[in-house]
Each structure stands twice: as C-alpha cells, then as structure tokens.
There are 2 protein chains.
Amino acid sequence: MPHRLVTVEPRRAFREPGVARDEVMFVRSGLLSKFKTDGAGRRQIVALRFPGDGILPREGEADYGIQAIVRSEVLVGRAEDFDPIVEQNPEMAKFFWKLTQRHNSIGYEWLVNCGRRDSVARVAHLLCETAERSGADVLADGLANPFTQQQIADITGQTSVNVNRVFADLERQGLIRREGKHIFFEDWNELRRVGSFQPGYLQ
Amino acid sequence: MPHRLVTVEPRRAFREPGVARDEVMFVRSGLLSKFKTDGAGRRQIVALRFPGDGILPREGEADYGIQAIVRSEVLVGRAEDFDPIVEQNPEMAKFFWKLTQRHNSIGYEWLVNCGRRDSVARVAHLLCETAERSGADVLADGLANPFTQQQIADITGQTSVNVNRVFADLERQGLIRREGKHIFFEDWNELRRVGSFQPGYLQ
DNA sequence: CAAGTATAATAACATGGATAAAGTTTTGGG
DNA sequence: CCCAAAACTTTATCCATGTTATTATACTTG
C-alpha cells in the first residue's frame, strides 16, 4: 500500500478538528492523541494511539483533531488505497476489527474514569494504563512519562493545577517517585488499587 | 440468519458485565444501555442503543453489562452465525463499520461531556442528543423522556440529586417544560447553546 | 387491592476541585 | 549558549456538586 512517513512534532496540532480527511495512519513510534474541544474551547483528549495503533479513515470530516504527545513517526496512507485492501482480505478486516474493539473498550473505561472516579483515582488509572500500553517493564524500569500535566488534565477532565496536587499526593503516599519526567512505581499494587485499574479491558 | 426475539424489561440487568458472551443483538424497539462499574461499584452508562443500533459480539468476556432503559424488543443471534455473513458481504461489512464509527464518535462526545462541561451543560447536551437520536419531531411533540434521573446521573457522571437540581434549573430558565416524564423544548436553540450541542458527530 | 419498592423533590451541610495569580524551573529554538 | 516560552509548583479563595436524610408520589408485583 502506498504511503509516506511523516514525523509529527508535539506542541502543535497535527490535524485540526472539523476538517475533511481521507487518511489512514499508523503509529510507528511515539505517541499521538485525538482531541476534541467543547463549546467554550476547553480541550478533552479522547484517545491515545501508541505504536502499532492506527487511526482509521472516517467518511466526511473528522470531528476530532490529532496532536502528538511526543515526537512520533507516522505512516500516512490514503483511505481509497486502504479500503479495498481491507475489503479483499478477511484477515486484515478481522485485525482492524479487533483493534477498533480494543480502542472502544478503552474509550468506555475512560468514560468510567471521568464520570465516576475522583481525581487521584483518575490519574492513578491513567498511569497504570499508560504503563501497560507502553509495553515497558514498569516494575523494573518505571515509566518515561510522556505527558505534560496539562495533557493529563485534558485526558482526565481536570485542571493542570489539580493534576499537580495529585502528583504531589501520590508521591507523598509513596505510590510513585519522580525523577524529572521519569516515574518509578514504588507500590504498583496499591497504585492499581487506588485507580481501580483492572487491565482486562485492554484485552 | 437464525435469531430469536427477546423482550427485555428495564429495572434488572439484562446482561451482567464480566461474563463471556458470543451474541449479536439488534434493537428493534425500546432503548438499551451499556454500563460499567468502577471499583467502588458506582455505575457509569457508557453507551445507548436505539432502535436500528446493534450490539456486536466481542471475543472473550464483555467488560460491560446491558440493561434496558425502557422495555425493548431485541433480536439476538449468535456470533458464529453473524461473523461469516459479514465476512462474505462487503456491503454488510461497510454498514457495520459505519455504525461502529458512529458509536465511536458518540463515545468521544460523551467523554467531552463528562470531562469538560458543567452539570447543566451535560444534561442539556444529553437531552439534545436523545431528542435527535430518538428521531421524534421534538420541536413539535417534545420528547418522551425515557430516563430516570438516576440514569441521567449515570450517563453524565453526576448524582441524581444534582440532576434533579439541574432539571429544576432548566425549567426555571424556560428552556424546557415538564409534564410528568414528557419534556417540551421551550427554547431549543438556547438549550443547544447551553449544552454546546453540535449534532455533526451523529453524522 | 395491598404492600413494597423505585422515583422524585427538597433541604442542610461538607468538600473536592475550579479559579486566579504569581513565582520557579525546565526546555528548546535561534 | 542564551533567551523566551512552556511547564511546573504553590497558595488562597470560593462555589458547584457530592453526601446524607426525609418526605411525598407513583409504580410494580404478589
């Protein structure tokens, strides 16, 4: 399938919401976010795309924008090239179907996170999920936290001020330890408990 | 495709979360909800299924439960019968693909709703979305509100006490009028504005 | 029809996070 | 290497929403 490799820098939106798009994207390295804004312009990050994840085409204009969390390499192809491949290849179709279902499950869990958990639990849950999805051996090496506190706020539906408080809290409780942007999990089990993180939804 | 017609009563869970399922369902009439619970047992409704919507099978156990909002007629088939039909029929595949994308978009919008809007806006937004999805001529006839206030709380991530306050508020502001469970939209445009409801995401 | 249960409405009180403002540290582009 | 911009941190204040409780009303079901 014809495609080009694009390096996406964080800090500027890579794709704006509300613009017609007919692209397929695959994350090769880095981390992308999908975001929307409410009427008053406040941003909500609605999904993350790790390496191996794709951003599949939509008919009409996409209602979300795309922004890199860290510098990312993205393979970009055209929907018209992608669609027939999936149509003619049942294994492909199945693969993307499962991927979409996985993203769906994560979306449901995020809704529970925003709707029903307090701020500490939300951040704890996000840290656990990110640790799992990043594929690193977090117990040994910790997590190279890719997010700014504002981004964590945009994911968990809070303000950056409160995220800062929550981090201080988690550290004071001895659940995490921070060295710069690196996070070590001092008490993984307790962090999971606090965030009521049950990784089953990641399948 | 072989299937059976099931009448689902509200008030009891139709399917519990965390149980293996290999069913496809199609809503013929009524209204279903998908729900999850956080660690502390607090419920979050993560999706609604109106007539014409389907609930497609997942591999492994479903992490969500299903409960009817109102008495519903549901066609239930088996995943093993459904899958080959979709695989062999590109138009079918395309139809379900689009349906899934629509549900996805709605999920993103719900996340914005829970994460970034205040309680009045959340309820206003839900009312607008429900009015649109129900397909009724809401300007003329209003909406036969299918939800309890507790269910609205479970959708919008609040408590039922606060939902009650919000309804009183919307009524006092002259945006809606209630007669029993029926809601008349006295100022649809203002309600849309308050909920920052942009129906584009419904496609 | 009676009894039990869910829903709705309202009140009083508690509190988690928002908001605002300002200072400090880190980052990255030129 | 330096400077400007971004990110982080902290404090003070306040209000929107949670919590808990009570009562009235309307369903459901035996």
Side-chain angles (χ1 to χ4, degrees), chain A residues 7-13 38 40-45 67-71 113-124 144-173 176-183 194, chain B residues 7-13 33 38 40-44 67-71 113-124 144-173 176-183 194:
Chain A
T7 299
V8 184
E9 299 291 338
R11 204 181 308 268
R12 36 190 145 277
D38 82 336
R42 299 199 305 175
R43 174 172 297 207
Q44 173 75 35
I45 292 176
Q67 179 160 5
I69 301 291
V70 298
R71 176 181 292 118
N113 213 30
C114 276
R116 286 305 184 209
R117 290 200 260 261
D118 70 20
S119 64
V120 175
R122 288 187 214 181
V123 173
N145 171 24
F147 303 115
T148 65
Q149 294 183 357
Q150 181 60 57
Q151 287 167 338
I152 293 179
D154 291 344
I155 291 169
T156 57
Q158 317 176 53
T159 58
S160 60
V161 174
N162 205 53
V163 170
N164 188 282
R165 276 193 284 251
V166 168
F167 266 114
D169 228 60
L170 291 172
E171 199 160 30
R172 186 154 8 88
Q173 283 184 60
I176 63 171
R177 180 168 51 83
R178 287 178 292 172
E179 284 180 14
K181 293 211 70 173
H182 205 97
I183 295 175
V194 166
Chain B
T7 299
V8 184
E9 299 292 338
R11 202 179 310 272
R12 35 188 144 277
S33 67
D38 82 335
R42 300 199 304 175
R43 174 171 297 205
Q44 172 74 37
Q67 179 159 6
I69 301 292
V70 298
R71 176 182 290 118
N113 214 28
C114 276
R116 287 304 184 209
R117 291 200 260 260
D118 69 20
S119 65
V120 175
R122 288 187 213 181
V123 173
N145 172 23
F147 303 115
T148 65
Q149 294 182 357
Q150 181 60 57
Q151 287 167 338
I152 292 179
D154 290 344
I155 292 169
T156 56
Q158 317 177 52
T159 59
S160 59
V161 173
N162 204 54
V163 170
N164 190 283
R165 278 193 283 247
V166 168
F167 266 113
D169 226 62
L170 290 172
E171 200 160 30
R172 187 157 5 90
Q173 284 183 58
I176 63 172
R177 180 169 50 82
R178 287 178 293 171
E179 283 180 14
K181 291 213 69 172
H182 204 98
I183 294 175
V194 166

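Convention: sequence-line order gives letters A, B, ...; per-chain numbering from 1.
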Check A:N164, A:V120, A:V123 against A:D169 for a side chain to side chain contact (heavy atoms under 4.5 Å, CB included) and give me the one that passes. A:V120

Kindly compute the distance separating CG (A:D118) from CG (A:N113), expressed to the nearest 0.5 Å. 10.0 Å

Near DNA chain C, counting only heavy atoms under 4.0 Å, which residues of residues 158-168 of chain A show up? A:Q158, A:T159, A:V161, A:N162, A:R165

Output the rounded distance in Å from CZ (A:R116) to P (C:dG16). 17 Å

Rounded to the nearest 0.5 Å, how far does CD of A:Q44 lie from CG of A:D38? 9.0 Å

Report the residue from A:R165, A:R177, A:R178 that forms a salt bridge (Lys or Arg N to Asp or Glu O under 4.0 Å) with A:E171. A:R178

OG1 of B:T148 to CD1 of B:I69, rounded to nearest 0.5 Å, is 7.5 Å

Does B:Q150 put a side-chain nitrogen or oxygen below 4.0 Å from OP1 or OP2 of C:dT7? no

For a quick check under 3.5 Å, do B:T156 and B:Q158 share a side-chain donor-acceptor pair by atom type? yes

Point-to-point distance, once rounded to the nearest 0.5 Å, from CG of A:N145 to NZ of A:K181: 5.0 Å

Do nucleotides 23-30 of chain C as a string where each nucleotide becomes B, S or -: B if the base has a protein heavy atom under 4.0 Å, S if just the sugar-phosphate does, - if no protein is that close. -----S--

Base, sugar-phosphate alone, or nothing: which one does A:G157 contact when heavy atoms must sit under 4.0 Å apart? sugar-phosphate

Tell me what A:R178 touches on the nucleic acid: a base, only sugar-phosphate, or nothing, going by heavy atoms under 4.0 Å. sugar-phosphate

Atom CD of B:Q151 to atom C1' of C:dA6: distance rounded to whole Å? 11 Å

Just the rounded figure in Å: distance from C1' of C:dG17 to CD of A:Q149. 15 Å

Taking it one step at a time, do B:R116 and A:D154 satisfy side-chain contact (heavy atoms from CB on, under 4.5 Å)? CA-CA 9 Å; B:R116 287 304 184 209; A:D154 291 344; 2.8 Å; yes

Flag if over 12 foreign heavy atoms under 6.0 Å of CZ, B:R71: no

So among A:R12, A:R11, A:R43, which one has a side chain to side chain donor-acceptor pair (under 3.5 Å) with A:Q67? A:R43

Keeping the roles fixed (side chain from B:R122, backbone from B:G157), state whether a donor-acceptor pair exists under 3.5 Å. yes

What is the 5' to 3' range of DNA chain D, first to last nucleotide, that sits under 4.0 Å from any heavy atom of chain B? D:dT17 to D:dT29

